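This report concerns only the one structure given below.
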Amino acid sequence: MSILVDEKTRVVVQGITGREGQFHTRQMLSYGTAVAAGVTPGKGGKTVEGVPVFNTVRQAAEQEGVNVSCIFVPPPFAADAIIDAASVGMDVIVCITEGIPILDMVKVAGFLRTRQSVLIGPNCPGVISPGKTKVGIMPGDIHKPGPVAVISRSGTLTYEVVDQLTGVGLGQSTCIGIGGDPLIGTSFIDHLKRFQEDEETQGVVLIGEIGGVAEEQAAEYIKQEFNKPVLAFIAGQTAPPGRRMGHAGAIISGGQGRAEDKIKALQDADITVVLDLGKLGKTAVEVMKK
Amino acid sequence: MSILVDEKTRVVVQGITGREGQFHTRQMLSYGTAVAAGVTPGKGGKTVEGVPVFNTVRQAAEQEGVNVSCIFVPPPFAADAIIDAASVGMDVIVCITEGIPILDMVKVAGFLRTRQSVLIGPNCPGVISPGKTKVGIMPGDIHKPGPVAVISRSGTLTYEVVDQLTGVGLGQSTCIGIGGDPLIGTSFIDHLKRFQEDEETQGVVLIGEIGGVAEEQAAEYIKQEFNKPVLAFIAGQTAPPGRRMGHAGAIISGGQGRAEDKIKALQDADITVVLDLGKLGKTAVEVMKK
Amino acid sequence: MKLHEYQAKDIFMKSGIPIPNGQLVTSADQANKVTQIINGPPWVVKAQIHAGGRGKAGGVKVVHYPYEVVTATEAMLEKPLRTAQTGPEGVVVNQILIEERVEVDSEFYLSMVVDRDTACPTMLFSQAGGTEIETQAARSSGVIQKEHIDPVSGWMPHYARNLLYTLDPPPPPGAMPGLMSVMAKLYKVFMTLDCSLVEINPLVFTKDRKVYALDGKITLDENALFRQKELLALEDTREKDPLELMAEKYHLNYIRLDGNIGAMVNGAGLAMATMDVIKLAGAQPANFLDVGGGANEDMITKGIEIILKDERVRAILINIFGGILRCDVLARGVLAAAEKTQMDLPLIVRLEGTNVEEGRKILKDSGLKFLVASDLSEAAQLVSQQVKG
Amino acid sequence: MKLHEYQAKDIFMKSGIPIPNGQLVTSADQANKVTQIINGPPWVVKAQIHAGGRGKAGGVKVVHYPYEVVTATEAMLEKPLRTAQTGPEGVVVNQILIEERVEVDSEFYLSMVVDRDTACPTMLFSQAGGTEIETQAARSSGVIQKEHIDPVSGWMPHYARNLLYTLDPPPPPGAMPGLMSVMAKLYKVFMTLDCSLVEINPLVFTKDRKVYALDGKITLDENALFRQKELLALEDTREKDPLELMAEKYHLNYIRLDGNIGAMVNGAGLAMATMDVIKLAGAQPANFLDVGGGANEDMITKGIEIILKDERVRAILINIFGGILRCDVLARGVLAAAEKTQMDLPLIVRLEGTNVEEGRKILKDSGLKFLVASDLSEAAQLVSQQVKG
């Protein structure tokens with residue numbers, strides 16, 4: 001098993017004719033992902049890497065039976081793309097786009113409250129179930145199938161973590177970048193619940209960073225409800241308050257969002273927290289044995 | 001039993017210091033309804049008929065443990081009042097107000113999609129479970145407890161029906177005026193589902209009128225799912241198309257909403273439809289025997 | 001509240017929806033001058049009435065000479081225009097819109113309403129633009145595409161794309177931006193002006209590749225006029241029935257019908273049911289009159305007065321189920337009206353509900369001549385006998 | 001993007017939120033003239049800098065004679081102002097706001113942000129208006145009341161009432177309409193200008209029973225500036241670090257820190273983690289620099305140039321995990337920068353991911369002096385040794 005996406009996933013790429021859309025369609029196809037359709041308004045009838053392009057998500061869904069969307073459209077149009085995909089009933093919507101106005105995300109979040117779609121991102125690398133399918137922009141070849149799940153607010157930091165896991169022989173069930181924005185579609189807890197139910201997943205690596213209280217909430221949830229081993233890392237232990245550290249969501253403000261508070265909350269929940277990123281892989285081997 | 005409201009219901013009256021609010025608070029109290037609080041912004045601390053008045057619904061809920069709201073505020077402020085009550089988590093919100101702008105009701109309907117509150121109305125007489133409680137403006141004394149439920153889009157027409165039912169010895173479990181506006185909080189079907197589960201209810205009288213397709217939908221639902229006797233009446237058999245017949249929702253437009261279509265749909269679902277309102281009581285006796 | 005085409009188009013123009021150049025006139029003299037400022041020939045001369053179906057009824061003329069603009073205007077102005085929607089007596093034309101004519105490449109239908117089922121503002125779009133959309137719609141569903149606009153998202157471009165890309169073949173690339181823009185603006189007009197209907201039929205793409213609203217219809221939500229005060233000035237009551245206007249003034253729901261039984265009822269549903277019962281008893285109601293659940297004595301008096309102003313009325317049926325409106329209040333209102341007017345028509349009264357005994361007593365003691373009915377069926381029979389006999 | 005107080009107040013005024021009369025000056029001469037047009041004495045002289053905490057730092061003066069307006073202006077203008085939020089070097093004051101003083105009866109705190117947990121625009125309100133709201137909030141939760149504004153409902157009056165009626169005692173009846181109106185307008189400003197923060201602290205009720213925004217703070221969502229073009233003109237970059245400004249120009253995320261290790265990383269999370277590892281190894285990062293996931297050769301070059309412009313930097317650590325950004329692209333960027341500048345600082349490079357072999361080869365073949373680290377911990381150790389040795 002795995003969560004969110006697997007070998008049955010059929011992907012529509014929104015913004016497929018753009019530079020990034022094209023590049024990553026190629027990458028996903030070469031990983032083995034079933035990219036079944038693309039959408040770019042006005043480009044219906046064309047193909048990209050052999051994938052048929054449609055004018056609307058609705059048409060793509062009707063004609064190609066896609067169930068997961070991967071969005072590469074620019075920030076001004078991204079909220080429209082997400083809501084479009086959710087209206088059509090995509091199971092999972094992966095939004096790669098960085099830089100969406102926060103009030104657009106307020107709308108998106110409000111809209112999704114009444115729909116079934118799971119939004120991953122925005123401002124995220126996507127989701128991969130190694131050996132099955134990859135919906136996103138992560139380098140596929142560093143992953144290998146296995147028992148460890150990864151949930152992260154970051155992109156390249158996740159690749160670093162996955163690379164170390166693979167390096168120490170720990171393959172992955174599903175790796176999810178939930179996104180670096182202050183408003184994102186899913187929380188750590190949403191996925192922990194899924195991994196709790198996923199028999200293939202034997203443990204979880206949780207990659208947090210400064211900003212918000214999602215890690216504190218996850219710690220509380222794990223303490224109360226989650227019974228598989230968890231290893232955590234929090235980026236930004238040296239970040240100054242009041243500054244956005246690259247990610248729109250990575251900011252310590254109003255006395256909230258400090259790495260030390262998150263680390264303490266996780267440790268209080270008996271979760272091993274790696275402080276030196278370079279040692280994550282080795283620590284994971286020990287933690288996942290439990 | 002009964003549905004929506006019963007002897008445990010604790011009512012807050014929004015707009016309690018207005019002319020109608022005061023009058024009907026008195027009426028409800030004299031029927032035996034537990035009107036536990038009132039709300040009028042700026043009048044907090046006063047009392048009306050011995051009922052304490054609060055500035056906000058939240059304060060009324062916190063201090064008096066109310067679970068049902070009855071709204072008498074004027075149309076420009078009614079949507080605010082409904083959303084306020086729903087935010088605070090009222091189980092049932094009865095909105096008497098007539099004349100709410102339809103785009104306000106679009107907002108209300110959107111808001112209620114993510115809340116648990118059941119909205120009755122607007123532009124309705126309210127809900128009564130005879131002998132238990134009355135939340136609304138219907139004359140209490142024409143009702144008597146019994147096995148027949150009434151669901152109606154109308155006000156005085158419902159009183160007429162109830163009076164006939166009581167006259168022929170058929171008491172009522174719960175009578176609901178769902179409202180005469182085009183956008184209302186609940187449909188016939190919502191309540192039919194509740195009455196299906198309500199052991200005390202042995203049959204239903206359904207009072208429809210021109211406009212929309214709610215009666216057609218109810219007919220379809222009854223045919224498929226509902227197994228208690230139903231008697232129906234449709235007002236507006238002689239109404240001309242394109243005119244709003246008093247109720248904002250009572251209009252035949254775009255070829256939709258004609259009484260004859262509704263009557264046909266109901267009859268096709270094997271539901272007895274009374275054409276002469278004067279004969280409703282007598283017919284009910286026969287139908288409810290089944 | 002219905003707006004005229006020229007008023008709708010004025011709103012469109014201010015909202016950025018392109019319309020043909022045009023000018024409103026109320027005399028042949030003005031029409032003559034307009035030919036000098038509006039591009040032409042040809043010109044389009046359009047009668048401004050609230051009812052649809054003008055084209056087929058001769059209310060829209062395309063003319064090629066300035067003198068024809070004048071004669072076409074003269075032919076319509078101050079004359080009744082009978083369309084499929086006006087009724088047989090027609091509606092007197094008070095205003096004429098004179099426009100340039102654009103060369104149409106393709107025609108669409110576009111409108112917005114609130115959908116009752118989904119409680120969403122909903123945009124309707126069809127390739128079959130033109131005069132007969134309603135019958136077309138009835139004939140083959142699927143001709144009209146619908147898009148429900150979610151109240152959280154508000155307008156978003158994909159709603160427009162979902163509508164436009166249903167066209168087969170899709171609209172020419174040159175038409176897309178214009179059509180999408182009109183859709184976005186139509187939504188904004190609908191929402192910001194509290195409309196219950198906004199319609200552009202036809203919305204056209206011209207041979208010189210522009211998008212225009214060739215016709216426009218706006219109905220405003222009367223419940224929202226309290227916050228749309230600047231739109232009140234657009235009301236043109238000249239086409240309304242004088243008794244309906246009078247009733248509006250007193251917040252009574254009155255609708256003129258074809259029969260001769262004046263009916264006064266409290267509550268819309270009961271009023272409709274009363275009309276139905278009158279008809280079942282073999283008579284015809286002259287009106288629908290709902291005095292409302294909370295009517296006071298004065299409103300009852302006004303209601304009776306309105307009924308009495310209708311010369312066709314041969315008998316009156318009052319059917320009141322007292323709830324908020326108490327029967328004694330009703331009785332006093334009836335007496336007041338009887339005093340003010342010389343009511344000499346047969347009057348059938350059926351009272352039930354709150355304070356019914358007191359109400360009945362007031363009427364009885366008044367010396368007013370009337371028949372009492374014990375139930376609705378009997379009331380209808382009695383009133384029916386009055387006009388038959 | 002932060003706005004100055006006077007800019008925020010200008011927006012407030014245009015939105016109908018009352019503010020004291022005031023005038024911006026940039027010279028003592030202008031200050032002198034202002035005393036003739038702004039009601040006084042007394043006057044309030046306020047340094048305009050983006051950082052808070054001005055009051056305690058001497059950046060706000062109440063004066064009673066015209067000459068004091070001038071001397072207070074002179075004392076602040078073109079001098080650095082050090083507040084708790086500026087850092088030890090302070091910020092140079094370029095502009096002064098001179099205002100009439102209003103007589104305060106009661107002070108409130110009012111602001112709007114987007115709440116991360118509920119994804120709702122959220123209004124914050126407190127009776128404890130004044131200068132120390134943040135510490136107060138930290139000390140006792142409950143002092144600040146929150147109201148989440150549902151995205152479907154938008155603003156509704158009950159949100160304001162829920163906040164205002166938490167006050168004990170409730171606000172005087174005379175204050176309610178003014179406070180409710182300010183709340184509604186604050187919401188509108190927040191939503192229509194795409195703000196990430198709007199704050200009025202204090203919002204005051206005066207002795208003559210009026211409501212005023214005595215201070216104002218607006219931060220705009222930079223992601224939304226594409227649709228708020230008219231607000232771009234309000235940007236005042238004079239308080240920004242020059243290297244941060246330069247980085248912004250090239251779409252790089254650069255933040256100046258206190259150490260001496262220049263760090264360049266792709267991806268924000270990895271960049272933060274790299275800073276953390278540098279510190280764990282006993283050194284201090286001079287900056288946070290995230291070149292982003294999709295950086296090109298030119299951006300890499302600019303990143304290196306920015307690091308080299310910082311004279312405190314004694315060694316450079318490049319940590320790249322190739323994903324979208326391929327390692328060969330990085331290597332070429334580094335070489336281009338090395339050629340343009342005279343890079344003679346110790347350079348530690350750690351590459352991994354897409355095209356890593358090619359990247360390593362390019363660097364190796366270039367003749368550039370650098371140390372290769374095989375993993376992140378080693379990279380941090382190496383760079384730390386460079387600055388210690």
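What you are looking at is a predicted structure, and each value in this text was computed from that prediction instead of being measured.
- Taking both residues in full, the closest heavy atoms of B:Phe111 and D:Val152 are given as N-CG1, 3.7 Å, listed atom of the first, atom of the second, then distance.
- Of the two parts of B:Ala79, the backbone and the side chain both hold a non-hydrogen atom closer than 4.5 Å to a non-hydrogen atom of chain D.
- Of all non-hydrogen atoms in B:Gln59 and D:Thr166, the two that sit nearest each other are NE2-N, 4.4 Å.
- Contact annotation: the side chain of D:His158 never approaches that of B:Val88 to less than 4.5 Å [non-hydrogen atoms, C-beta and beyond].
- Considering every non-hydrogen atom in both B:Lys107 and D:Ser153, the closest pair reads NZ-O, 3.3 Å.
- More than 12 heavy atoms of other residues, nucleotides or ligands lie within 6.0 Å of NZ in B:Lys132, so this atom counts as buried by the packing criterion.
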Derivation of the side chain to side chain contact (heavy atoms under 4.5 Å, CB included) call for D:Arg161 and B:Val39: CA-CA 12 Å; D:Arg161 290 194 300 265; B:Val39 172; over 6 Å; no
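- Atom CD of B:Gln116 is surrounded by 12 or fewer heavy atoms from other residues, nucleotides or ligands within 6.0 Å.
- Residues B:Asp84 and D:Met156 fail the side-chain proximity criterion, which asks for heavy atoms closer than 4.5 Å.
- The closest side-chain heavy-atom distance from B:Pro41 to D:Met176 is not below 4.5 Å.
- When each of B:Asn55, B:Thr56, B:Ile83 is checked for heavy-atom pairs under 4.5 Å with chain D, B:Asn55 comes out on top.
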